[in-house]
Student: 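If you scroll down you'll find the structure; I have some questions about it.
What you see below is based on every heavy atom in this structure, not just the backbone, and it leaves out hydrogens, waters and symmetry mates. Order of the sequence lines fixes the chain letters, A, B, ..., with proteins taken first and strands second; residue numbering starts at 1 for each chain.
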Protein chains: 2
Amino acid sequence: MAAELNQLCPRFEKAIELLSKRWTTLIVYRLLDGPRRFMDIEGSLSNLSGKVLSERLKELEEAGIVLRTVYPEKPVRIEYSLTDMGRGLAPLMDDIQGWATRWIKIEQEQS
Amino acid sequence: MAAELNQLCPRFEKAIELLSKRWTTLIVYRLLDGPRRFMDIEGSLSNLSGKVLSERLKELEEAGIVLRTVYPEKPVRIEYSLTDMGRGLAPLMDDIQGWATRWIKIEQEQS
DNA sequence: CTCACAAAATTACTTTATGTAACCGAGTAT
DNA sequence: ATACTCGGTTACATAAAGTAATTTTGTGAG
């Protein structure tokens with residue numbers, strides 16, 4: 001019956017909703033290096049299917065994080081890049097990297 | 001046929017795998033305020049089911065992020081709290097909050 | 001001890017999200 | 001025309017998450 005005592009900040013909630021979807025963070029991470037084509041992203045993240053990549057890119061474009069650019073060249077070329085909003089996620093990635101380096105242990109196979 | 005050109009840091013990958021699971025970040029966020037009981041976490045995050053909360057807490061405990069403490073009181077009390085590793089995620093949360101405040105727009109209902 | 005109670009977890013079942021692979025469509029090259 | 005590439009979708013199969021009932025564990029009442 002009682003409402004939640006501690007409401008979350010709606011922006012924070014929205015951000016989490018976006019970022020904690022499977023693959024989203026890794027796609028953004030890949031795009032931090034620069035613009036990439038559909039194929040390149042798909043090929044660089046194993047187990048990521050074209051179907052889901054397509055969905056995620058649409059969501060990210062809709063959210064203003066990713067920009068889709070069509071280059072009308074010989075074979076038309078489509079590139080995905082980060083907007084300022086997307087590049088604003090860089091410090092976040094650094095935090096994750098830093099935290100992971102400090103705390104995550106990778107298990108070596110025992111021979 | 002060709003292997004991926006840019007391998008991800010395994011620690012980074014592991015961190016993302018942990019943190020980008022649905023609910024994980026929000027559970028950790030709630031625990032940043034201090035220890036909480038199962039019921040309290042469940043009640044404070046709408047749509048989070050007890051089943052998944054149970055799974056996530058086990059994963060987080062396994063990963064060393066969350067500590068489960070049993071207090072043998074009148075009705076036994078079980079509290080979940082963050083370890084140092086878990087508290088190490090605080091800056092990340094702050095970054096997300098900062099990014100969200102800067103970039104996320106919340107749509108108001110039009111009357 | 002047996003019964004009832006409460007919180008923490010689990011189980012069975014339904015719904016949603018993701019993975020797989022085949023296919024479409026536009027543009028080029030042969 | 002034929003075949004090939006890239007971006008994208010569709011149909012179908014599997015895995016993850018939501019719902020609600022149930023079990024477990026430990027208390028206290030009788």
Student: For nucleotides 6-11 of chain D, read 5' to 3', which letter fits each nucleotide if B means a protein heavy atom sits under 4.0 Å from the base, S means only the sugar-phosphate is that close, and - means neither?
Tutor: SSSB-B

Student: In residues 98-106 of chain A, what donor-acceptor pairs under 3.5 Å come from side-chain atoms, sequence neighbours left out?
Tutor:
from, atom 1, to, atom 2, distance (Å)
A:W99, NE1, B:M85, O, 2.9
A:T101, OG1, A:Q97, O, 2.7
A:T101, OG1, A:Q97, NE2, 3.2

Student: My understanding is that only residues two or more places apart in sequence, or in another chain, count here; which of them pass salt bridge (charged side-chain N to carboxylate O under 4.0 Å, His left out) with B:K21?
Tutor: B:E59

Student: For B:D94, enumerate each residue passing the side-chain contact (heavy atoms from CB on, under 4.5 Å) test, keeping only those at least two apart in sequence or located in another chain.
Tutor: none

Student: Got a sec, which residues hit side-chain contact (heavy atoms from CB on, under 4.5 Å) with B:E62, two or more places apart in sequence or on another chain?
Tutor: none

Student: Would you please test B:L53 and B:W23 for side chain to side chain contact (heavy atoms under 4.5 Å, CB included) and show each step?
Tutor: CA-CA 8 Å; B:L53 176 54; B:W23 298 114; over 6 Å; no

Student: Contacts to DNA chain C from residues 18-27 of chain A, heavy-atom cutoff under 4.0 Å, which residues?
Tutor: A:R22, A:W23

Student: Residues two or more places apart in sequence or in another chain: which of them pass salt bridge (charged side-chain N to carboxylate O under 4.0 Å, His left out) with A:R77?
Tutor: A:E73, A:E79

Student: Reading DNA chain C from 5' to 3', where do the contacts with chain A start and stop? Cut-off is 4.0 Å to heavy atoms.
Tutor: C:dT18 to C:dT28

Student: Test of understanding: with side-chain contact (heavy atoms from CB on, under 4.5 Å), list the residues that count as partners of A:K51, not counting sequence neighbours.
Tutor: A:S49, A:E55

Student: Which residues pass the ring-ring contact (aromatic ring centres under 6.0 Å, His included) test with B:Y80, sequence neighbours left out?
Tutor: none

Student: Among residues at least two apart in sequence or on other chains, which ones pass side-chain contact (heavy atoms from CB on, under 4.5 Å) with B:L82?
Tutor: B:V28, B:L31, B:L32, B:I65, B:V66, B:R87

Student: Report the residues that fulfil ring-ring contact (aromatic ring centres under 6.0 Å, His included) with A:F38, sequence neighbours left out, ordered by chain and then residue number.
Tutor: none

Student: Can you check the B:E17 CD to D:dA16 C1' distance for me, whole Å?
Tutor: 14 Å

